[in-house]
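Chain letters run A, B, ... following the sequence lines, proteins first and then strands; every chain starts at 1. Just so we're clear, the structure is a prediction, and the values are computed from it rather than from any experiment. Values reported hereafter were calculated over all heavy atoms of this structure, with side chains retained and with hydrogens, waters and symmetry mates removed.
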Amino acid sequence: MSDIAVPTAKPRSFLETLEIDLRLLGMVGAFIVICLYFHFDTGGRFLTPRNIFNLTIQTVSVAIMATGMVFIIVTRHIDLSVGALLATCSAVMAMMQTQWLPQTLGLGLGHPLIPWLAILTGLVTGAVVGAFHGYLVGYLMIPAFIVTLGGLLVWRNVAWYLTSGQTIGPLDPTFRQFGGINGTLGQTGSWVVGILCTLAALAALWNARRNKARHGFPVKPLWAEGVLAAVIGIAILGFVAILNAYQVPERVLARNFAARGEEMPEGFTAAYGLPISVLVLIFVAIGMTLIARRTRLGRYIFATGGNPDAAELSGINTRLLTVKVFALMGALCALSAVVASARLSNHSNDIGTLDELRVIAAAVIGGTALAGGLGTIHGAILGALIMQSLQSGMAMVNVDAPLQNIVVGAVLVAAVLIDIIYRRRTGAK
Amino acid sequence: MTTPLVEMNDICISFGGVHAVDHVSVDLMPGEVVGLLGHNGAGKSTLIKILSGAYQKDSGDITINGKKVEINNPRDARALNIETIYQTLALADNLDAASNLFLGRELVTAFGFVDEDAMEAETRKIMARLNPNFQKFSEPVSALSGGQRQSVAIARAVYFDAKILIMDEPTAALGPHETQMVSELIQQLKAEGIGIFLISHDIHDVMELCDRASVMKNGKLVGTVDVKDVTDDDLLGMIILGKQPGQAA
Ligand SMILES: Nc1ncnc2c1ncn2[C@@H]1O[C@H](COP(=O)(O)OP(=O)(O)O)[C@@H](O)[C@H]1O
Ligand SMILES: [Mg+2]
């Protein structure tokens, strides 16, 4: 008999003891290889604070949507309309800021409530449209592929219709702070956030260990927890240090002082630090991970993806669940629309074009199984980062545009193939 | 006379012209085990799925403790303390044993978050009782053997204070030792006053464990008999020929 009552003390490898997912490690490895390759190929221009800063802010919009796409794909659906819905949300928010609130409602341009009302309207728009998609899929049983393929056309052109195809801008200055370089926390603020994040991560590790011990479950050896804590701390604080190393150019500083009617002190320097958009992504990542792991909603999402019949028989309302998952996706599209339009400082008619492909690719490269039931939030974000690094790196080494897309497409297919082989080898499903 | 725990009266359901269950009536007393017998495709699983809320009957009615009830979905059935071990087990393969056991009824912390550790602790307790060999608490159930999966499904049905237990071929994937444990479990639950519908292929199981047996054939009820009044051959005759015992073949 293979399973005996006495737990056998198998010799465990270093990685097993750390309980680190090999798949995640593989992705991190691939990411590092890509970064190093481009770093040397560009003669050291890739892994600079400036480029890392840019890479990060370029990734945010797709990464935010990719976290929502994880839930969609885990429940065995797909959403092809995210780029188009992003455009509609962006159009609604741009029109709110520049016309409907200041003129139609008479708040006047520059009213302090404008950016927040605009964002709220955008989020509601995204969530309602998403919920409607979910209703069509869950209750009327139209395949998600069809609903969102139709949605792609509909919402792309609703955006066009709302704005008459015009570029709408400039957007509200407060709103623009969500775009990246126009809104950063600066050196001190970034350190504070970095240290808080590290402390929170350590507290979570400690708490998990204490809970396990309280129930008398086996826990990792203390040194393994230590290694894990050190890796997390170094990663977070190292990231902050890099972003803090990116100095605001002198002429920008001079311009800012001039705008305030002040004289710039001799030798004054300032760093950009953590962009607000990245902070938004961090909040989304933490929130979505909590939903996935620690809430009933998350349980039901994964159970439904693993076996829809079993979920239904366990009393889960899988139809309503579909509505919730699509509504969440819609709200995240709106959040991405904030970041994307703020980064451009205006709404343009083609905003978000082809984002559906990038978002799905990020989720899938990040280990979300199209068969449903499997996927992680951090994986999808890493997937988005890998895609963006490839794209930026190729642009920096002057790969022709068509070749860039060919490579990205091939990487997507190869990543899924590797994943299939890996899962077959390890016997996991 | 005590009121029956469950009465299913004149139940019909058809799928696109196939009368899967055709005017069938069965009942169940507290502390009683009623066997459901019949060939593959006789309609046994379909009948009990109407009681567990997985299917909605076309006609007929169901009373629980003498009160007429509407069971429109599995949530309704659970609310009536009806628990089911499905023939297909109905496990989410990608989740671990504890997640499956508590699926739809998770334990939560004071902040409303799912309390994984508490669920695992409870799962360890009940599995220690049902299947002491079970050790794979952190693996997804897809990594478990057929018998281990079946014990997870059984644990899920008995953990939540069932009053009415439906077992659709609960020993199909079990070895002789585990089957014996399930038999003991059924006797123990019966002693606690729980009513059990036991679907089984094995006539010996039914003769040993059940008080009464209802036999179905082609969606129709052949008859319900007291197990102590009949022989194995009588039951076999009912299953194969669809004849009441004593009736000339
Ligand atoms: N969801 C369904 N759709 C169509 N036909 C079904 C469905 N469920 C059961 N049936 C049919 O109902 C009949 C009874 O099946 P079932 O109740 O599974 O039999 P048993 O459990 O006695 O082996 C079979 O002919 C089966 O094909
Ligand atoms: Mg059956």
Side-chain angles (χ1 to χ4, degrees), chain A residues 1-8 19 74-76 204 207-219 289-321 369 371-375 423 426-429, chain B residues 49 52-55 73-79 84-86 88-95 99-109 111-122 124-125 128 131-145 147-148 153 156 175 177:
Chain A
M1 248 176 92
S2 60
D3 43 8
I4 20 178
V6 195
T8 45
E19 291 175 27
V74 163
T75 51
R76 305 190 178 185
N207 207 25
R209 183 184 175 85
R210 216 189 41 191
N211 273 338
K212 281 207 190 310
R214 193 160 54 95
H215 286 288
F217 300 160
V219 290
T289 304
L290 272 181
I291 291 178
R293 298 234 181 123
R294 301 298 308 276
T295 66
R296 288 197 164 139
L297 176 65
R299 296 265 150 167
Y300 297 169
I301 287 169
F302 281 85
T304 303
N307 186 346
D309 294 332
E312 187 73 42
L313 292 175
S314 300
I316 295 168
N317 188 341
T318 52
R319 298 173 166 211
L320 185 60
L321 186 76
L374 282 176
R423 289 200 172 128
T426 56
K429 271 188 58 179
Chain B
K49 278 186 177 175
S52 73
Y55 291 154
N73 55 50
R75 287 182 293 284
D76 291 347
R78 281 185 168 191
T84 311
I85 300 158
Y86 291 98
T88 54
L89 302 185
L91 299 173
D93 277 339
N94 54 335
L95 305 183
S99 306
N100 270 291
L101 203 150
F102 286 95
L103 190 55
R105 296 181 277 211
E106 288 74 10
L107 302 179
V108 292
T109 63
F111 302 109
F113 286 116
V114 170
D115 194 341
E116 276 191 323
D117 295 323
M119 298 198 304
E120 186 178 331
E122 288 299 304
R124 281 174 185 269
K125 269 189 230 158
N131 184 355
N133 290 332
F134 192 94
Q135 288 300 327
K136 294 185 171 170
F137 289 98
S138 45
E139 265 116 311
V141 295
S142 60
L144 307 186
S145 71
Q148 289 168 331
R156 173 166 66 181
H177 179 64

With a cut-off of 6.0 Å (strictly less than), are more than 12 heavy atoms of other residues, nucleotides or ligands near CZ of A:R294? yes
Check B:A54 against A:L313 and note the closest heavy-atom contact, atom names and distance. CB-CD2, 3.2 Å
With chain B, which of A:N307, A:D309, A:T304 has the greatest number of heavy-atom pairs at distances under 4.5 Å? A:N307
Okay, B:F111 and chain A: the region with an atom under 4.5 Å from a heavy atom over there is neither
At a 4.5 Å cut-off on heavy atoms, which part of B:L95 comes close to chain A: side chain, backbone, both, or neither? side chain
Under 4.5 Å from any heavy atom of chain B - which part of A:F302: both
What residues, two or more places apart in sequence or in another chain, satisfy salt bridge (Lys or Arg N to Asp or Glu O under 4.0 Å) together with A:R296? B:E106
For A:G306, is there any backbone N or O sitting under 3.5 Å from a side-chain donor or acceptor partner on B:D93? no
Apply side chain to side chain contact (heavy atoms under 4.5 Å, CB included) to residues A:S314 and B:R78 and explain how you reach the verdict. CA-CA 9 Å; A:S314 300; B:R78 281 185 168 191; 3.7 Å; yes
Using a 4.5 angstrom heavy-atom cutoff, name the option from B:L89, B:N100, B:V108, B:L103 with the most pairs to chain A. B:L103
Roughly how far, to the nearest 0.5 Å, is NZ of A:K212 from CD of B:E120? 6.0 Å
What part of B:E139 lies closer than 4.5 angstrom to a heavy atom of chain A: side chain, backbone, both or neither? neither
I need the minimum non-hydrogen distance between B:A92 and A:A310, along with the two atoms involved. N-CB, 4.1 Å
Side chain, backbone, both or neither: which part of B:N73 has a non-hydrogen atom closer than 4.5 Å to chain A? neither
Contacting region of B:A143 [heavy-atom separation from chain A under 4.5 Å]: neither
May I have the step-by-step check of side chain to side chain contact (heavy atoms under 4.5 Å, CB included) for B:V114 and A:R299, ending in yes or no? CA-CA 9 Å; B:V114 170; A:R299 296 265 150 167; 3.8 Å; yes
Which atoms of A:N211 are under 4.5 Å from chain B, going by heavy atoms: the side chain, the backbone, both sets, or neither? both
Ring pair (Phe, Tyr, Trp, His ring centres under 6.0 Å) partners for A:F217, two or more places apart: A:H215
Under 4.5 Å from any heavy atom of chain A, what part of B:R105 do you find: side chain, backbone, both or neither? backbone
Counting heavy-atom pairs under 4.5 angstrom with chain A, the leader among B:A79, B:A121, B:G53 is B:A121
Tell me, side chain or backbone of B:S52 under 4.5 Å from chain A's heavy atoms, or both, or neither? neither
